[in-house]
Amino acid sequence: MGDKIVCKFGGSSVANAGQIEKVREIVLADDKRCFVVVSAPGKDKSDSEKVTDHLFNIATDGQHFKSRGKAITAKESYDRVVGKYRTLVTDLDIEGDDIIEGLESDLTSHIKDKKRIDFFASRGEHYSAKIIARYYKKKGMDAVVMLPEDIGFLVSDRFGNAKVLPATHTNLKESLKDNRICIIPGYYGITLKGDIAVLSRGGSDLTGGEVAYAVDAACYENWTDTDGVYQVDPRLIPEASVIPELTYKEIRLLSSKGFNVFHFDAMVSCKNKNIPINVRNTNNPTAPGTMIVNSRTPKETAIGVARMDGIAYVYIEKDMIGETVGFTKELLEIFKDFGINTHHYPSDIDDITVIVDQQDLKGKADDLKNTLMTNLSPNFMEIRYDLSLLSPVGIGMKGTPGVMAAASSALFKENINIEIVDQGPAQISFHFGIMEKDADKGLKALYRSMLKG
Ligand code: ASP
């Protein structure tokens, strides 16, 4: 493993000149910070929309915002994006006419269809990197822009959700030998046919993870606008603390249940190479943040409690399920045919529930019910809506008696009924399904009994 650090700065970290200066100070503070992956400017006081959303709006002639019930035309988005970058150039006091000209020309180009959307969407990161590199140079730093198209950041041609191709690692290893500070735009890559394609939303995290893998980084720092990963959602429980260290497995369990700090796909590469990920706050750079590592020695049982709202479950009762070979397969195949992702399947001898996201049932619930009725002939079936899953997570829970007892008694004290309970087989998480109306109270109760102090 090398000693270099890859740092990725999210949209809020590069939203305006003041933030970009904070980023510069962070990079300067450690000369191992050689690879700087940047997002497009995010929301700030001057605009409540991200540049990337404006770019989607321009590419789709206003449909992007219209479909979200927002009255922002493509022309307005264009003016805001160009205005944003002009302001950056002025506020950072750099020579930037060529950059603005490039942006204007890109945003009036006539590329068609999906290629158009991806090309436009990528421009946020592209020009963010160019401006930041120019600013660093003006400040006397030895910086260079490394564009994905120039360094062989190869992706599949699944436009809008492109996947990184394996050759990318070798290409990056070769191209990133430069000793200067490399500023790399996140979120997009180039297909084998030479088209620009974007990764899924939030994909700059992924770019950073791939760069870290390719250069054998000592650490992948992910700079955002929170002090790290919190034990529970701090908007609901402001006294919650930042978790200093957690394993990939734990963050995976927490992030699959509504902890949206980090793009999970980005972790896979780092996990495979044992590269720690450090989630840090650009606005509070002295805070150590959260370290995500492969293994750790737990001092506690639960490390966090995730919460996922908008949960529904399909309950099926039928005599002899337990003796019917292949029943669960047939049941889940029906969900697959409907394109509905399933989370858990608590079951008993003659009944089973399938837990899903409520929104995935939208427009499908009646057809799904009919198909289940016809194909499985249950004695009884119902869909229950408006549940939340509360999920304590922690490797210290494994083999520790009484953890679930304490958690359920905390809910009992609040008079909250547990509709569903399911323990993950690794014993490092379990899931309580309760009515959504009780979820705030339930989360607070679990926090007090399992995490506080
Ligand atoms: N700018 C892109 C987005 O808003 C990617 C990123 O910020 O990671 O999704």
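Whatever order the structure lists ligands and atoms in, that order sets their numbers, starting from 1. FYI, side chains are in, hydrogens and waters are out, and symmetry mates aren't considered; it's all heavy atoms of this structure.
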Quiz item: Who's touching ligand 1 if we go heavy atoms under 4.0 Å?
Solution: Ser39, Lys50, Thr52, Glu125, Tyr187, Arg201, Gly202, Gly203, Ser204
Quiz item: Taking the six-membered ring where the residue is Trp, are the ring centres of Phe65 and His54 under 6.0 Å apart?
Solution: yes
Practice problem: Name all residues meeting the side-chain contact (heavy atoms from CB on, under 4.5 Å) criterion together with Asp360; count only those two or more places apart in sequence or in a different chain, and write none if there are none. | Solution: Ile340, Asn341, Asp357
Quiz prompt | Set of residues satisfying side chain to side chain donor-acceptor pair (under 3.5 Å) with respect to Lys193, sequence neighbours excluded | solution = none
Exercise. Please work out whether the ring planes of Trp223 and Phe9 are parallel, tilted or perpendicular, with thresholds of 30° and 60°.
Key: parallel
Self-check item: Neighbour count above 12 (heavy atom, 6.0 Å) for Lys22 NZ
Solution: yes
Quiz item: What residues, two or more places apart in sequence or in another chain, satisfy side-chain contact (heavy atoms from CB on, under 4.5 Å) together with Asp79?
Solution: Lys75
